[in-house]
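Notes to accompany the following structure.
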Amino acid sequence: MTLVKKWWKEQVIYQIYPRSFQDSNDDGIGDLRGIISRLDYLKDLGVDIIWLCPIYDSPNDDNGYDISNYYDIHPEFGTMADFDELLAGLHARGMKLIMDLVVNHSSDEHEWFEESRKSKDNPYRDYYFWRPGKNGGPPNNWNSIFGGSAWEYDAHTDEYYLHLFTKKQPDLNWENPKVRQGVKDILRFWLDKGINGFRMDVIPCISKDLDFPDTDIDDFNRVIAEVYANGPKVHTYLNELYESVIQEYDVMTVGEGPGISTAVCLDYVGHDRGELDMIFHLEHMFLGHGPLGKFDPIPFSWEDIKVIFRRWDKAVGDSGWISVFLDNHDFPRMVSRFGNDKDFRTESAKLLAMMVLTLRGTPCIYQGSEIGMTNVHFDKLEDYRDVETYNVHKEFQERGVSTEDFVKLVHDNGRDNVRTPMQWDDSLHAGFSGGDPWIRINPNYKQINVVADKAKQDSIFGFYKKLLAYRKQYKTFAYGVWDEFKGLSENLFVYTRTDDEQFLVVLNHSEEHESIEFELEGYHLELRNLENKMETVLLPWEARLYRKV
Ligand code: GLC
Ligand code: CA
């Protein structure tokens, strides 16, 4: 298949977690007017597409990923007029907006579910999955992704309902055409407002095996891939959304891809499929997760990371597309997880930036990465907010893990690592809010903040800005073939991107000095992350971008 050119392959996504980006009215919660006040910051950085995590009405059991009204803005975030102004402000600056579409499940406070639970013959009953219990327990042995059984008993009708996430996130039954019509209506409502696309939450999970068989797989990541995702009708449903709504608009769709492997990725993102434009595959995000998931850590290496990027580049080839990212609102800070946030924070944050912005795929940057924000280490469980942390804590307690030990696991892998507020300056609450924030600020905000970073000669923000501007000059970064140099030191990741131009990226992702044993003749050094007089020796975490002249 020949290369398909699209605007969303050439641009860069920036993800905003609205609760933690900027508060405008001092209630401690980030909001739409806060984002509006930072649009010039985003434009100056040079990103193109803003992905907004959910801002719809929600009881906030899972911070907005439990939606009670898809047509309304949560009052904490503002009003529909604020939203319209935000969208217009982005478009006026030549930027785009994609929204989070969370339709694998709704909130249990959505009117569909409130009706559904009323009686077995309620017209909304089969908007969700209700099943009788088995042997005095739930219908099967599935576990929720956030801990505990995936079934909740409802005494009112003496049946259980399915929730792959929290019990306040009942799974929608896509078998029901009325549910699919409801989703199409939501799509159309927002697309008609002029948004530029959707990020589709846990989209591979929308089709279930209606026999709901027990599973005997004990590795949780495999359960997700083999039981919860890639269900029998997922492609029929995605294709239906595309055919009946999405194709009428010039928009981009990116699916969150839990359980999507290289073996099946083109079924979702093949250019001829009429399903999704790209996915956020999570394979490298699940690295280091043991059989019980993220709070059951196992070691992983950079070789594992490189193997995954290699495999995915080959799998999508010219026939599909992916996004490239190293963190988001569900995983630890990339500089803490893949870099070195202590002795080489600046260097490694920049190296990772260069990697994300030069691999093949649409880059996605999570808020705060552009100043090298790090994981947070709260001592007390009470300082955490994430429902996943609390649910898994309960489960681990039952297994005999002490709270003290559990908190240490949260330090490395909890989702709140990336959800502490954006650090704008060194004033009270880091310039995020004039009031007490909904979650504590990372105490390192005095050193790490936008104002302090920008003031430095070796600013991370400045490096992102340069890279983003540089990337815009050459379509090679979007369409050029990716080729890796093989047989080098295991501390190096070296590759080229080639079309009419050629770029060479040299990354030393280690604390060692490394020598360059390949030809640099004919290459001009365009960008680097640190000062180094030695041409053929790389300093720890050194990153260079060359252009063939
Ligand atoms: C996705 C979201 C995550 C959320 C979950 C349930 O994984 O990224 O934040 O908790 O889906 O909606
Ligand atoms: Ca607010």
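- Arg415 and Tyr384 form no side-chain donor-acceptor contact under 3.5 Å, judged by distance and modelled atom types alone.
- In this structure, Glu490 places its CD atom where only 12 or fewer heavy-atom neighbours from other residues, nucleotides or ligands lie under 6.0 Å away.
- Not a single donor-acceptor pair under 3.5 Å links the side chain of Tyr479 to the backbone N or O of Leu3.
- Using a 4.5 Å heavy-atom threshold, the side chains of Asn104 and Asp171 count as touching.
- Put simply, the side chain of Lys294 reaches to within 4.5 Å of the side chain of Glu388, judged on heavy atoms.
- Between Lys408 and Asp405 there is a salt bridge, since at least one side-chain N of the basic residue sits less than 4.0 Å from a carboxylate O of the acidic one.
- Between the side chains of Tyr237 and Glu175, a donor-acceptor pair is found at a separation under 3.5 Å.
- Of the possible polar contacts, one joining the Asn230 side chain to the Ala225 backbone as a donor-acceptor pair under 3.5 Å is found.
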- prompt: Taking it one step at a time, do Trp8 and Thr362 satisfy side chain to side chain donor-acceptor pair (under 3.5 Å)?
  reply: CA-CA 7 Å; Trp8 39 261; Thr362 301; over 6 Å; no

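- Of the possible polar contacts, one joining the Glu395 side chain to the Gly148 backbone as a donor-acceptor pair under 3.5 Å is found.
- Proximity of Trp190 to Tyr56: side-chain heavy atoms (C-beta onward) are separated by under 4.5 Å at one or more points.
- A ring-centre distance under 6.0 Å is not found for Phe309 and Phe493.
- Residues Met334 and Ser369 form a side-chain contact, since some pair of their non-hydrogen atoms from C-beta on lies under 4.5 Å apart.
- Side chains of Asp158 and Tyr153: a donor-acceptor N/O pair is present below 3.5 angstrom, by distance only.
- Taking the centre of each ring, Phe113 and Tyr161 come in below the 6.0 Å mark.
- Around the NZ atom of Lys167, the shell of radius 6.0 Å holds no more than 12 heavy atoms that belong to other residues, nucleotides or ligands.
- Between Thr166 and Asn391, the closest side-chain pair of non-hydrogen atoms falls below 4.5 Å.
- Atom OG1 of Thr253 and atom CG of Asp277 lie 4.0 Å apart (nearest 0.5 Å).
- Contact annotation: the side chain of Tyr495 approaches that of Leu507 to within less than 4.5 Å [non-hydrogen atoms, C-beta and beyond].
- There is a side-chain donor-acceptor pair under 3.5 Å between Trp130 and Ser116.
- Salt-bridge formation is detected for the pair Glu109/Lys168: a Lys NZ or Arg NE/NH1/NH2 atom is positioned less than 4.0 Å from an Asp or Glu carboxylate oxygen.
- No more than 12 heavy atoms of other residues, nucleotides or ligands sit less than 6.0 Å from atom NZ of Lys6.
- Atom CZ of Arg310 sits about 14.0 Å away from atom OG1 of Thr262, to the nearest 0.5 Å.
- Between Tyr65 and Phe165, the gap from one ring centroid to the other reaches at least 6.0 Å.
- Between Tyr128 and His163, the gap from one ring centroid to the other reaches at least 6.0 Å.
- Asp66 and Ser58 share a donor-acceptor pair across their side chains, judged by distance under 3.5 Å alone.
- Taking the six-membered ring wherever Trp is involved, the centroid distance between the rings of His289 and Phe220 does not fall below 6.0 Å.
- For the 3.5 Å distance criterion, the side chains of Tyr14 and Glu370 qualify, holding a donor opposite an acceptor.
- One distance of note links OG1 of Thr403 with CZ of Phe396; it measures 12.5 Å at 0.5 Å rounding.
- Atom CD of Glu303 is surrounded by more than 12 heavy atoms from other residues, nucleotides or ligands within 6.0 Å.
- With hydrogens and angles ignored, the 3.5 Å screen pairs no side-chain donor or acceptor of Arg385 with any backbone N or O of Arg440.
- Between the side chains of Glu76 and Asn60, at least one donor N or O lies within less than 3.5 Å of an accepting N or O.
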field: Stepwise salt bridge (charged side-chain N to carboxylate O under 4.0 Å, His left out) test for Asp304 and Lys306
entry: CA-CA 5 Å; Asp304 300 325; Lys306 289 186 281 192; over 6 Å; no

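- Taking a cutoff of 4.0 Å between a charged side-chain nitrogen and a carboxylate oxygen, Arg125 and Glu159 qualify as a salt bridge.
- Side-chain contact check for Trp438 versus Arg419: some heavy-atom pair is nearer than 4.5 Å.
- The shortest non-hydrogen separation linking Lys134 to Pro139 is NZ-O, 3.4 Å.
- Val407 is not listed as a side-chain neighbour of Phe378, based on a closest heavy-atom distance of 4.5 Å or more.
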